[in-house]
Amino acid sequence: MAYQTLIVEVEDYVALIRLNRPEALNALNSMLLGELAEALKEADANDKVRCIVITGSEKAFAAGADIKEMSTKTSVEMFLSNFFGTESESLLRTRKPIIAAVAGYALGGGCELAMMCDFILCADNAKFGQPEINLGIIAGIGGTQRLTRFVGKSKSMEMHLTGRFMDAAEAERSGLVSRVVPLAQLLPEALATARKIASKSQVSVLAAKEAVNRAYETTLHEGVLFERRLFHSLFSTEDQKEGMAAFLEKREPQFRDR
Ligand code: CO8
């Protein structure tokens, strides 16, 4: 499908989705988020895709929700249209892993979008922030909740109350991103990481994603029980037998997703 605000390419079992509104630093409007939800649904259903990378430009992953689109809306309009609610819930339903490859600004909704992905790799020029306070609003697609879980209350509170940005080094130090790489290496590294994930047994990849996400969505006891049940059930797969046999025979495993 052709998109107006995204560029989507599929190669080597990886779908690369580029946010493409350069005139507005990839600000997220209804069209872009609707198209992103659609592209993720397509990627999830496509047998030729086993991992997804979302990226922006070198200057901006996304500089927030589109302020022009929101500026004149009333609270009743926002509520009745469930503004961005439907799209963000649809994004979170994606079963295949999603890597956010962030260069430049990831602000407001852009930071929230990156945090909704499964993990964030960033370039050394990345800047993260929740500057909504400067607009007389607060974060609206999970920023107050997810940033707090990533970096802790003190840093999250300071960022939400002051609107200050966090650079790449601080983001890595605080656990917001998994790794920082030089800008020129961001896309090659994100794609190589995605191809590595794509080479694993898809059964265990999807199970691992579900289990890690439980750490955010339930109590420790419930999460550990959920993980143990998934762990036990993976012993019914051929890929578990193959993976362990390959280790013992000192060879590479040949996974067949069954
Ligand atoms: N929305 C719309 N347009 C934007 C946005 C944005 N968020 N950010 C940048 N642009 C536009 C600018 O208006 C400008 O357009 P034009 O050339 O037509 O004037 C163009 O992009 C380039 O931007 P700048 O000239 O400002 O570029 P600079 O390099 O000088 O500055 C910054 C870059 C620092 C990123 C600056 O653009 C900026 O501060 N942007 C706004 C950041 C911001 O406040 N983001 C939060 C937005 S609110 C939000 O995300 C709420 C999310 C929750 C919604 C959930 C609803 C349920």
Side-chain angles (χ1 to χ4, degrees), residues 3-7 17-38 40 54-94 98 100-117 120 122-151 155-171 176-177 183 186:
Y3 296 105
Q4 290 181 51
T5 60
L6 306 176
I7 299 169
I17 302 178
R18 291 173 198 265
L19 312 182
N20 187 35
R21 293 191 69 216
E23 72 285 1
L25 299 183
N26 291 331
L28 310 171
N29 61 10
S30 301
M31 177 183 274
L32 187 151
L33 277 180
E35 290 192 343
L36 183 59
E38 191 54 42
L40 289 169
I54 300 180
T55 197
S57 67
E58 290 195 350
K59 179 158 186 202
F61 178 73
D66 191 310
I67 300 168
K68 252 179 229 159
E69 184 181 28
M70 293 184 298
S71 62
T72 58
K73 289 207 186 288
T74 65
S75 59
V76 171
E77 286 168 334
M78 296 294 264
F79 178 68
L80 289 181
S81 66
N82 191 21
F83 197 75
F84 287 1
T86 313
E87 296 87 346
S88 52
E89 278 156 23
S90 154
L91 187 147
L92 292 169
R93 277 197 295 272
T94 310
I98 309 174
V102 173
Y105 296 109
L107 305 178
C111 186
E112 293 172 294
L113 172 62
M115 291 191 290
M116 277 191 272
C117 296
I120 305 173
C122 82
D124 47 13
N125 75 340
K127 288 209 177 344
F128 298 88
Q130 299 287 164
E132 289 92 340
I133 201 83
N134 299 327
L135 302 168
I137 56 168
I138 65 168
I141 39 177
T144 59
Q145 306 304 298
R146 290 199 178 86
L147 189 63
T148 307
R149 287 170 191 229
F150 276 109
V151 306
K155 201 176 278 287
S156 171
M157 188 70 90
E158 186 200 353
M159 289 180 69
H160 282 283
L161 295 185
T162 65
R164 85 163 172 90
F165 299 165
M166 188 191 269
D167 67 16
E170 185 180 4
L176 177 57
V177 306
L183 178 57
L186 178 66

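Counting convention: from 1, in listed order, for ligands and their atoms alike. Residue numbers start at 1 and run along the sequence shown. Heavy-atom basis, side chains included; hydrogens, waters and symmetry copies ignored.
Residues passing the side chain to side chain contact (heavy atoms under 4.5 Å, CB included) test with Ala27, sequence neighbours excluded: Arg21, Ala24, Asp66.
Summarising the local packing, CD of Gln4 is surrounded by 12 or fewer heavy atoms from other residues, nucleotides or ligands at distances under 6.0 Å. Under a cut-off of 6.0 angstrom, the local environment of CE in Met157 is sparse, with at most 12 non-hydrogen atoms contributed by other residues, nucleotides or ligands. The local environment of CE in Met31 is sparse, with at most 12 non-hydrogen atoms from other residues, nucleotides or ligands closer than 6.0 Å. Atom CD of Glu58 has 12 or fewer heavy atoms from other residues, nucleotides or ligands within 6.0 Å.
The single protein non-hydrogen atom nearest to atom 57 (C) of ligand 1 is Phe83 O, 2.9 Å, given as residue, atom name and distance. At the shortest separation from atom 53 (C) of ligand 1 among protein heavy atoms lies Gly140 N, 3.4 Å. Of all protein heavy atoms, the one closest to atom 17 (O) of ligand 1 is Glu23 O, 4.6 Å. Remark: minimum distance from atom 43 (C) of ligand 1 to any protein heavy atom is reached at Ala63 O, 3.6 Å. The protein non-hydrogen atom at the shortest distance from atom 37 (O) of ligand 1 is Leu25 CD1, 3.8 Å.
In this structure, atom 45 (N) of ligand 1 is in close contact with the protein, since a protein heavy atom lies within 4.0 Å of it. At a distance under 4.0 Å, a protein heavy atom can be found next to atom 20 (C) of ligand 1. Closer than 4.0 Å to atom 1 (N) of ligand 1 lies at least one heavy atom of the protein. Of the protein's heavy atoms, at least one falls inside 4.0 Å of atom 33 (C) of ligand 1. For atom 13 (O) of ligand 1, the nearest protein heavy atom is 4.0 Å or more away. Put simply, atom 8 (N) of ligand 1 has protein non-hydrogen atoms near it, under 4.0 Å away. Inside a 4.0 Å radius of atom 29 (O) of ligand 1 there is at least one protein heavy atom. Protein heavy atoms are absent from the 4.0 Å sphere centred on atom 25 (O) of ligand 1.
For Pro131, every heavy-atom contact with ligand 1 shorter than 4.0 Å involves the side chain, none the backbone.
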Practice problem: I would like to know whether Leu36 and Tyr3 meet side chain to side chain contact (heavy atoms under 4.5 Å, CB included); could you show each step before the answer? | Solution: CA-CA 9 Å; Leu36 183 59; Tyr3 296 105; over 6 Å; no

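The distance from ligand 1 to the heavy atoms of Glu132 drops below 4.0 Å at these ligand atoms: 48 (S), 49 (C), 50 (O), 51 (C), 52 (C). The contact set between ligand 1 and Leu107, taken as ligand atoms under 4.0 Å from a residue heavy atom, comprises 35 (C), 42 (C).
Looking at His160, its side chain never comes within 3.5 Å of a backbone N or O of Thr148 through a donor-acceptor pair.
Residue Leu135 holds the heavy atom nearest to atom 48 (S) of ligand 1 of all those in Asn134, Asn29, Leu28, Leu135. Distances from atom 18 (O) of ligand 1 to the heavy atoms of Lys68, Glu112, Arg21, Lys127 show the closest one on Lys68. Within the set Cys111, Ser88, Ala24, the minimum heavy-atom distance to atom 3 (N) of ligand 1 is found for Ala24.
Residues Leu6 and Glu38 form no side-chain contact, since every pair of their non-hydrogen atoms from C-beta on lies 4.5 Å or further apart. Within the 4.5 Å cutoff, the side chain of Phe128 has no heavy atoms near those of the Leu147 side chain. Leu40 places a side-chain heavy atom less than 4.5 Å from the side chain of Ile17. The side-chain heavy atoms of Leu25 and Leu107, taken from C-beta on, include no pair separated by under 4.5 Å.
Residue Gly109 has at least one N or O atom closer than 3.5 Å to an N or O atom of ligand 1. Inclusion of Ala65 in the set of residues having an N or O under 3.5 Å from an N or O of ligand 1 is warranted.
One distance of note links CG of Leu33 with CD1 of Ile141; it measures 6.0 Å at 0.5 Å rounding. Rounding to the nearest 0.5 Å gives a distance of 12.5 Å between CZ of Arg146 and OG of Ser156.
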